[in-house]
Amino acid sequence: MLLTHEGRSPSVHPTAYVAPNATLCGDVRVGAGCRVLFGAVLTAEGGPVELGEGCIVMENAVLRGTRRDPLLLGRQILVGPTSYLTGCRVEDEVFMATGSRVFNGARIGARSEVRINGIVHVRTVLPADSTVPIGWVAVGDPARILPAEDHKGIWEVQKELDFPGYVFGLDRPGEGQSLMPAISERFGHSLGRHRDDHQL
């Protein structure tokens with residue numbers, strides 16, 4: 001399904017393949033020889049999504065560009081099934097296994113691997129030729145790569161990266177308060193712009 005969003009439409013190179021039940025919404029550019037498989041969603045939420053030559057996006061992956069951070073994939077990248085990438089830049093020849101997660105403002109260097117259920121956190125910079133092991137978390141600039149159970153070590157770095165401020169423009173709430181009412185209102189309003197989308 002190809003959808004216009006905020007006056008912009010997807011473009012797909014003639015040599016690329018997009019599965020009939022994949023969704024491309026807005027300023028999405030699919031390069032030469034790319035493959036976007038069944039159930040994948042590529043959506044430009046105010047910022048473009050661009051796939052360089054020879055990229056493969058597997059089943060049910062979600063790739064999202066944001067106003068602050070477009071989603072840019074270099075050449076010959078594989079994004080595994082059910083992976084989620086938002087507002088990040090990935091250099092050439094990177095392998096992102098099933099269930100990998102890469103968040104806003106992150107950058108992944110060439111020839112790196114993010115293995116099954118690996119996470120590259122917000123604003124994290126992963127140098128070329130890096131590996132995030134199965135289920136581990138890369139966090140910070142320069143990246144520290146830590147096991148998921150090292151919550152204290154992850155939080156020491158993650159707190160300064162300011163996820164709510166960077167992604168939603170909100171201050172972290174005080175003790176006993178929740179960000180969710182403000183996130184729900186702000187993000188819900190932003191996503192409401194899809195009411196004006198139409199299918200090509």
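All values below come from the heavy atoms of this structure, side chains included, with hydrogens, waters and symmetry mates left out. Owing to the predicted nature of the structure, the values given are computational and were not obtained by experimental measurement.
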Please tell me whether [X] and [Y] are part of a single hydrophobic cluster in this structure, the criterion being side-chain heavy atoms less than 4.5 Å apart.
X      : Y      : answer
Val90  : Phe95  : no
Leu85  : Leu191 : no
Val94  : Leu78  : no
Val125 : Val157 : no
Leu42  : Val18  : yes

Test salt bridge (Lys or Arg N to Asp or Glu O under 4.0 Å) on Asp27 and Arg29 and set out the steps.
CA-CA 7 Å; Asp27 189 8; Arg29 295 169 238 147; 3.1 Å; yes

Which residues, ordered by chain and number, are linked to Met1 in its hydrophobic cluster, where ILVMFWY side chains connect at heavy-atom gaps below 4.5 Å, directly or through other members?
Leu3

Between Glu6 and Arg193, is there a side-chain N and carboxylate O pair less than 4.0 Å apart?
yes

Examine the side chains of Glu53 and His13 and answer whether a donor and an acceptor come within less than 3.5 Å of each other.
no

For Ser9 and Thr4, which I'm curious about, is there any donor-acceptor pair between the side chains at under 3.5 Å?
no

My understanding is that only one of Leu37, Ile56, Val12, Val30 makes a side chain to side chain contact (heavy atoms under 4.5 Å, CB included) with Tyr17; could you say which?
Leu37

Anything under 30° is parallel, anything over 60° is perpendicular, the rest tilted; go ahead and classify Tyr84 against Phe103.
tilted

Filter on side chain to side chain donor-acceptor pair (under 3.5 Å), then keep only pairs touching residues 108-124, sequence neighbours left out; what's left?
Arg111-Asp129, Glu113-Arg115, His121-Gln158

What closest approach, in Å, do Val132 and Ala138 show between heavy atoms, and which atom pair accounts for it?
CG2-CB, 3.9 Å

Smallest separation among heavy atoms of Ala40 and Val57, with atom names:
CB-CG1, 4.0 Å

I'd like to check Val49 versus Thr43 (side-chain heavy atoms, cut-off strictly below 4.5 Å). Are they in contact?
no

